[in-house]
Number of protein chains: 2
Amino acid sequence: MKEGPDIAQIGALIGDPARANMLAALTGGRALTATELAGVGGITVQTASTHLAKLEAGGLLTQRKQGRHRYFTLADEAVARLIESMMGFAAGRGHLRHRPGPKEPALRKARICYDHLAGDYGVRMLDSLIASGSIEAVGEGLALTEKGESDLKCIGIDVGTLRSSRRPLCRSCLDWSERRAHLAGSLGKALLSNFLDKGWARRTAESRSVIFSPEGDRQFLRLFPVDA
Amino acid sequence: MKEGPDIAQIGALIGDPARANMLAALTGGRALTATELAGVGGITVQTASTHLAKLEAGGLLTQRKQGRHRYFTLADEAVARLIESMMGFAAGRGHLRHRPGPKEPALRKARICYDHLAGDYGVRMLDSLIASGSIEAVGEGLALTEKGESDLKCIGIDVGTLRSSRRPLCRSCLDWSERRAHLAGSLGKALLSNFLDKGWARRTAESRSVIFSPEGDRQFLRLFPVDA
DNA sequence: TTCATAGTTCGATCGTAACCGAAGCATCGC
DNA sequence: GCGATGCTTCGGTTACGATCGAACTATGAA
């Protein structure tokens with residue numbers, strides 16, 4: 001009855017609703033303070049503090065002190081992937097948080113998944129990149145083509161510097177709302193940063209959703225058309 | 001504070017040690033009865049019954065009545081992947097079930113992951129297939145080459161029939177003991193079945209480990225050499 | 001029919017962990 | 001120094017869920 005690593009521990013860590021909410025919020029990518037996390041968890045700061053301590057002890061979170069604040073973030077991308085994959089799994093089984101309902105449409109349109117773009121726009125972007133021959137999909141994996149590399153240079157993304165990081169360039173990440181893949185990895189991050197820098201889109205305060213400006217919307221749709 | 005699917009529910013399902021043990025056991029691929037699962041969970045049949053009911057309600061398990069037995073299996077491959085990915089994650093963080101220890105060496109050498117080969121031998125097989133040019137690794141994805149298809153035919157595996165299934169042919173699955181990828185998908189399953197049919201290896205009664213016969217060991221190592 | 005085995009349901013116990021109030025540190029601004 | 005803010009620790013309460021004994025249902029064997 002005892003073989004292999006202990007799933008129960010991390011399962012239990014994620015299994016508490018308050019903790020799950022905090023983790024989901026942190027999947028938004030930005031660091032949050034203990035008080036903010038208490039808010040999203042719907043609990044007092046005291047309880048949040050103990051929860052956060054447990055999550056940190058479990059290796060899911062790291063904290064950074066800054067003045068009298070403590071900023072919490074997911075420990076690394078692996079945690080984010082685990083959370084998103086569990087979300088995808090849960091969505092597939094109909095484990096939705098509140099009844100059926102239309103949910104936040106903004107969240108389904110475009111949201112942040114750790115540090116890259118997800119939702120309808122995220123999926124559309126990857127589809128378009130594949131259709132245009134910039135990215136090749138082989139099995140579950142993704143690879144950037146030479147054409148893609150030069151195309152990206154035009155947008156203002158230098159793939160060379162991205163390659164120098166140890167993080168994989170292209171990764172596919174299952175989108176829980178669309179149930180299809182979107183682009184993760186350092187390239188996914190770079191693309192999102194690019195949109196934010198250009199002012200095409202901005203992050204919202206307390207949500208994971210990403211709001212595109214009218215101009216940004218036009219540019220995005222022009223850049224990543226859906227093939228008819 | 002409420003966006004997206006409910007991770008907490010499935011987290012909590014996996015979060016109980018008894019349930020986690022049962023799920024881990026079922027990752028071995030074979031259907032187990034309620035009594036057997038009570039054994040691996042270290043609990044009485046009554047409690048096991050309630051646990052199994054919860055897991056089934058959560059969509060993680062399915063049961064099949066056969067005479068007076070009830071055979072439980074994982075609901076589908078997605079559940080198996082979730083469990084294995086959580087194992088990989090847990091192993092990476094040092095969440096091991098019992099202290100450090102050498103653990104079951106047999107389990108690390110070769111074991112079943114749902115329906116394909118994992119452990120040292122599983123990783124070695126994939127490495128060798130890639131080195132020989134039978135399988136191409138692109139990013140995280142895997143694709144069978146033409147050479148691979150003809151090579152497999154020699155062993156007695158007809159890829160054509162495998163393709164007809166909706167299940168992907170090649171999938172990479174992260175190995176928790178080796179921390180590297182092994183081959184899953186319908187091809188992974190076919191290869192393991194092939195070894196079992198030929199009598200090269202056999203499954204053990206109550207464990208996930210796979211035992212190779214001396215002859216099978218020889219054949220396997222000959223077929224999948226490690227490039228020096 | 002009767003007995004045995006496999007499994008579920010009921011009822012009650014018990015432990016753990018989530019929770020909050022209050023007090024205790026730490027850091028900032030003044 | 002002082003108070004205010006952000007967060008943690010302590011103590012005690014509470015509630016949920018895991019657990020098992022016992023009773024009940026179902027299938028199979030004799």
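Chain letters run A, B, ... following the sequence lines, proteins first, then strands; residues in each count from 1.
Residues meeting the ring pair (Phe, Tyr, Trp, His ring centres under 6.0 Å) test with F72(B), sequence neighbours left out: none. Residues satisfying the ring pair (Phe, Tyr, Trp, His ring centres under 6.0 Å) criterion with F224(A), sequence neighbours excluded, are F220(A). Residues satisfying the side chain to side chain donor-acceptor pair (under 3.5 Å) test with T47(B), not counting sequence neighbours, are T44(B). Taking N194(B) as the reference, K198(B) meet the side chain to side chain donor-acceptor pair (under 3.5 Å) condition, with sequence neighbours excluded. The side chain to side chain contact (heavy atoms under 4.5 Å, CB included) search around S49(A) returns none, not counting sequence neighbours.
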> Going 5' to 3' along nucleotides 11-22 of chain D, which nucleotides have protein heavy atoms under 4.0 Å from the base (write B), which only from the sugar-phosphate (write S), and which from neither (write -)?
Replying inline: -------SBBBB
Give me, pair by pair, the N or O atoms of the protein and of nucleotides 25-30 of chain C that are less than 3.5 Å apart, along with how far apart they are.
none

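Distance L52(A) CG to dG6(D) P: 16 Å, rounded to the nearest Å. Look at CG on L55(A): it is 14 Å from P on dA17(C), rounded to the nearest Å. Counting to the nearest Å, the P atom of dA6(C) and the CD atom of E36(B) are 10 Å from each other. Spacing between atom CD1 of I14(A) and atom C1' of dA17(C) amounts to 18 Å, rounded to whole angstrom units. The distance between atom CZ of R70(B) and atom C1' of dG28(D), rounded to the nearest whole Å, is 15 Å. We find that CG of L37(B) is positioned 14 Å from P of dA6(C), with the value rounded to whole Å. For the pair Y71(B) OH and dT27(D) C1', the interatomic distance rounds to 13 Å; values are reported in whole Å.
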All N/O donor-acceptor pairs, side-chain side in residues 110-118 of chain A, below 3.5 Å, sequence neighbours left out:
| from | atom 1 | to | atom 2 | distance (Å) |
| --- | --- | --- | --- | --- |
| R111(A) | NH1 | L107(A) | O | 3.2 |
| R111(A) | NH1 | S177(A) | OG | 3.0 |
| R111(A) | NH2 | D175(A) | OD1 | 3.0 |
| D115(A) | OD1 | R167(A) | NH2 | 3.2 |
| D115(A) | OD2 | R167(A) | NH1 | 2.8 |
| D115(A) | OD2 | R167(A) | NH2 | 3.2 |
| H116(A) | ND1 | C113(A) | O | 3.1 |
| H116(A) | NE2 | C113(A) | O | 3.3 |
| H116(A) | NE2 | H182(A) | NE2 | 3.3 |

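With hydrogens and angles disregarded, no donor-acceptor distance shorter than 3.5 Å links the side chain of N21(A) to the backbone of A24(A).
Contacts classified as salt bridge (charged side-chain N to carboxylate O under 4.0 Å, His left out) and involving residues 45-67 of chain B (residues at least two apart or in different chains) are not found.
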